[in-house]
Amino acid sequence: PPKTLAALLEILRPRISPRPDLKSVSDDDQQSFVNILVGELTSQFSLLQHQIDDPFLNDAQNINLHRKVFIQVCSILEKLYSRYLAKAATFTKKTVFMMPANLSRLKVQLMLETNKSLNIPAIRRAILSQLRGPPLQPQSLSSQLPLILKHDNPNLNGAGKDGLGLEDPLSKTLLKMGVNPRSVTKVTDHSYAMDKPGSRVPRPSSSLVPITSR
């Protein structure tokens, strides 16, 4: 990224300089637009020059962040310049001579819009969101993994009476059925029969309840 305002203006000059081929707008009027853009950029350059590194990015990413902010600023100024030149050309086509009132109004509009568009913190935030990617959305556990009992995670301490983490509804059900939840790692959708008319009585699958012979 450019270190000085002069270096930045050197980059911008080919993009926002008067265009001799645009006959409908005089060079003086075009230059007045350039002066407004440069004046607004000058007032914001200190924010551009003293950007701080983002703690969540590494060195290379921070350099890329600063570079993209400068590129976005240049792009904004170039688009504003082209848009207001087009507006000025439209005014001159509608009237034989461009009225001073129309030019004054365009200057004020350009100044206000440039001041609003060169919001360096907002530009930086938008670029940061692109570099970091979209935030992760929380999803239910059932949509990502099979049903895992609390005690399967050795880092979690249970809150039950015996400290085994058996307070979830499934663990309680298994305990009532005489099954030790510690021996169960997951329950699939096919562990229980569907309770429909004519079907067998819902019962635990053989993979969960050990069958003992009498």
Between [atom1] on residue [X] and [atom2] on residue [Y], distance to nearest 0.5 Å:
| X | Y | atom1 | atom2 | answer |
| --- | --- | --- | --- | --- |
| L128 | Q61 | CG | CD | 10.0 Å |
| Q51 | I123 | CD | CD1 | 9.5 Å |
| L9 | L37 | CG | CG | 11.0 Å |
| I11 | C74 | CD1 | SG | 6.0 Å |
| L85 | L80 | CG | CG | 11.0 Å |
| R132 | L57 | CZ | CG | 6.0 Å |

Heavy-atom distance under 4.5 Å between the side chains of [X] and [Y], does that happen here?
| X | Y | result |
| --- | --- | --- |
| K116 | L112 | no |
| L103 | K107 | yes |
| M111 | E40 | yes |
| Q109 | K87 | yes |
| N58 | N62 | no |
| V38 | I16 | yes |
| L12 | V73 | no |
| L77 | S75 | no |

For [X] against [Y], the heavy-atom pair lying closest together:
| X | Y | result |
| --- | --- | --- |
| D27 | R19 | OD1-O, 4.5 Å |
| L5 | F45 | N-CZ, 3.3 Å |
| L131 | K68 | CD2-CE, 4.1 Å |
| P18 | P20 | O-CD, 3.4 Å |
| A126 | S129 | O-OG, 2.6 Å |

Pairs meeting criterion salt bridge (charged side-chain N to carboxylate O under 4.0 Å, His left out) with involvement of residues 76-86, two or more places apart: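 Passing the test, one end in residues 76-86: R15-E78, R83-E113.
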Tell me if a side-chain donor or acceptor on Q30 pairs with a main-chain N or O of V25 at a distance below 3.5 Å.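 Yes, the answer is positive, given that a donor and an acceptor are paired below the 3.5 Å cut-off.
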Give the C-alpha distance, both sets of side-chain angles, the deciding distance and a yes or no for side-chain contact (heavy atoms from CB on, under 4.5 Å) between R105 and V108. CA-CA 5 Å; R105 184 173 66 179; V108 173; 5.9 Å; no
Path from V69 to I63 over hydrophobic side-chain contacts below 4.5 Å: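 Per the 4.5 Å side-chain linkage, V69 and I63 are not co-clustered.
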Report the residue from T114, L110, V34 that forms a side-chain contact (heavy atoms from CB on, under 4.5 Å) with Y81.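 Among T114, L110, V34, the one meeting side-chain contact (heavy atoms from CB on, under 4.5 Å) with Y81 is V34.
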Please name the residue in the list I76, L48, I36 that meets the side-chain contact (heavy atoms from CB on, under 4.5 Å) test with L41.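 Between L41 and the candidates, side-chain contact (heavy atoms from CB on, under 4.5 Å) is satisfied uniquely by L48.
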For residues S26 and D29, is any side-chain donor paired with an opposing acceptor at under 3.5 Å?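 Judged by distance alone, the side chains do pair up.
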